[in-house]
Amino acid sequence: MTILLDARTSQNASTSGSISSPIAAGTPVLFGQIGLVVTEATSPIRTQLSGIISIQLPLLPLLTSVQVRIVRGTAPTDPLVFSAVYNLDLQILGPQSFTFNGSDINVPPPASGQLTYTAFVSTNIVGAIRVGPESFNGISFSG
């Protein structure tokens, strides 16, 4: 029998254009974090992760890659559970949104009773801006 353990959302920006936050080249920037309570886990845990992030090209449009990374923990160096790279379309001058879906499977129940997942974004050049919406979601199951 599968047991739903917990579901959480980190909603950083609800609408398009609701934030304006520059992304430093090559430096991971936190855009979402969730803590899932898994004290009822009786077997390895499965977590489904999803979200959206919207980026605006730099003022001088250059080939821009955006990387989304999700770790189990709070630091960019914690265990990586998901990573995706998106290339911004130089023909689109407005915001570009990217959705993602990932999984973390067979996670042993942590002693603390909580799993923390953190979503980071980085780019390859200076000048890209986070403009919203931004959302990071997770749901954990056991059994």
Side-chain angles (χ1 to χ4, degrees), residues 1-89 92 94-143:
M1 176 169 74
T2 300
I3 300 168
L4 169 64
L5 299 172
D6 199 4
R8 302 291 167 149
T9 295
S10 173
Q11 186 77 20
N12 190 43
S14 297
T15 60
S16 180
S18 60
I19 61 173
S20 179
S21 184
I23 305 170
T27 303
V29 176
L30 184 147
F31 75 91
Q33 188 172 73
I34 53 176
L36 298 167
V37 177
V38 294
T39 54
E40 301 295 319
T42 58
S43 61
I45 299 164
R46 294 181 318 280
T47 302
Q48 296 173 333
L49 304 159
S50 64
I52 186 169
I53 186 166
S54 297
I55 308 290
Q56 177 75 43
L57 277 168
L59 291 176
L60 177 60
L62 299 171
L63 183 59
T64 305
S65 294
V66 175
Q67 183 177 39
V68 172
R69 294 173 45 92
I70 300 172
V71 300
R72 187 182 328 118
T74 59
T77 54
D78 284 336
L80 181 67
V81 297
F82 176 84
S83 177
V85 176
Y86 307 94
N87 292 314
L88 295 180
D89 186 335
I92 300 174
Q96 298 179 50
S97 297
F98 304 97
T99 59
F100 56 89
N101 290 288
S103 299
D104 192 15
I105 58 173
N106 294 324
V107 180
S112 68
Q114 178 174 299
L115 285 173
T116 300
Y117 291 94
T118 306
F120 295 95
V121 64
S122 61
T123 62
N124 64 325
I125 63 167
V126 173
I129 300 170
R130 298 168 37 221
V131 294
E134 291 182 353
S135 183
F136 177 47
N137 313 292
I139 186 166
S140 288
F141 300 90
S142 179

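In this text the structure is predicted, and so the values were computed from the model without any measurement.
Taken to the nearest 0.5 Å, the CG atom of N12 stands 8.0 Å off from the CG atom of L30. Here CD of Q11 is found 9.5 Å from CD1 of I52. Values are rounded to the nearest 0.5 Å. For the atom pair CD (Q56) and CD1 (I19), the distance works out to 12.0 Å, reported to the nearest 0.5 Å. To the nearest 0.5 Å, atom CZ of residue F82 and atom OG of residue S50 are 10.0 Å apart. Within the model, atoms CD of E134 and OG of S18 stand 8.0 Å from one another, a figure rounded to the nearest 0.5 Å. Separating the CD1 atom in I125 from the CG atom in L63 is a distance of 7.5 Å, to the nearest 0.5 Å.
T9 places a side-chain heavy atom less than 4.5 Å from the side chain of S135. Taking the side chain as every heavy atom from C-beta outward, S103 and R46 never approach each other to under 4.5 Å. Within the 4.5 Å cutoff, no side-chain heavy atoms of D6 are placed close to those of E40. For the pair P44/I105, no side-chain contact is recorded, criterion being any heavy-atom separation below 4.5 Å from C-beta on. I55 places none of its side-chain heavy atoms less than 4.5 Å from the side chain of Y86. Under the 4.5 Å side-chain criterion, counting only non-hydrogen atoms from C-beta, V38 is not in contact with S142. For the pair L88/F98, a side-chain contact is recorded, criterion being any heavy-atom separation below 4.5 Å from C-beta on. You'll find the side chain of Q96 stays beyond 4.5 Å of the side chain of V66, heavy atoms only.
In this structure, V131 and P95 approach most closely via the heavy-atom pair CG2-CB, 3.6 Å. Scanning all heavy atoms of the two residues, the minimum distance from A7 to I139 falls at CB-CG1, 3.9 Å. Across every non-hydrogen atom of G132 and A13, the tightest pair is CA-CB, 4.0 Å. When all heavy atoms are compared, the tightest approach of F100 to I70 is CE1-CD1, 3.5 Å. Between S20 and I129, the shortest heavy-atom contact is OG-CG2, 3.7 Å. The nearest pair of heavy atoms linking S140 to L115 is OG-CD1, 4.4 Å.
Applying the side-chain hydrogen bond (donor to acceptor under 3.5 Å, both in side chains) test to residues at least two apart or on different chains, the pairs with a partner in residues 108-121 are Q33-T118, T47-Y117, D104-Y117, Q114-T116.
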Checklist entry - How far apart are the C-alpha atoms of Q48 and N101, what are their side-chain angles, what is the distance that settles it, and do they pass the side-chain contact (heavy atoms from CB on, under 4.5 Å) test? => result CA-CA 7 Å; Q48 296 173 333; N101 290 288; over 6 Å; no
Next on the checklist: Let's go through Q67 and N124 carefully: what are the C-alpha distance in whole Å and the side-chain angles of both, what is the deciding distance for side-chain contact (heavy atoms from CB on, under 4.5 Å) to 0.1 Å, and is it a yes or a no?
Outcome noted: CA-CA 9 Å; Q67 183 177 39; N124 64 325; over 6 Å; no
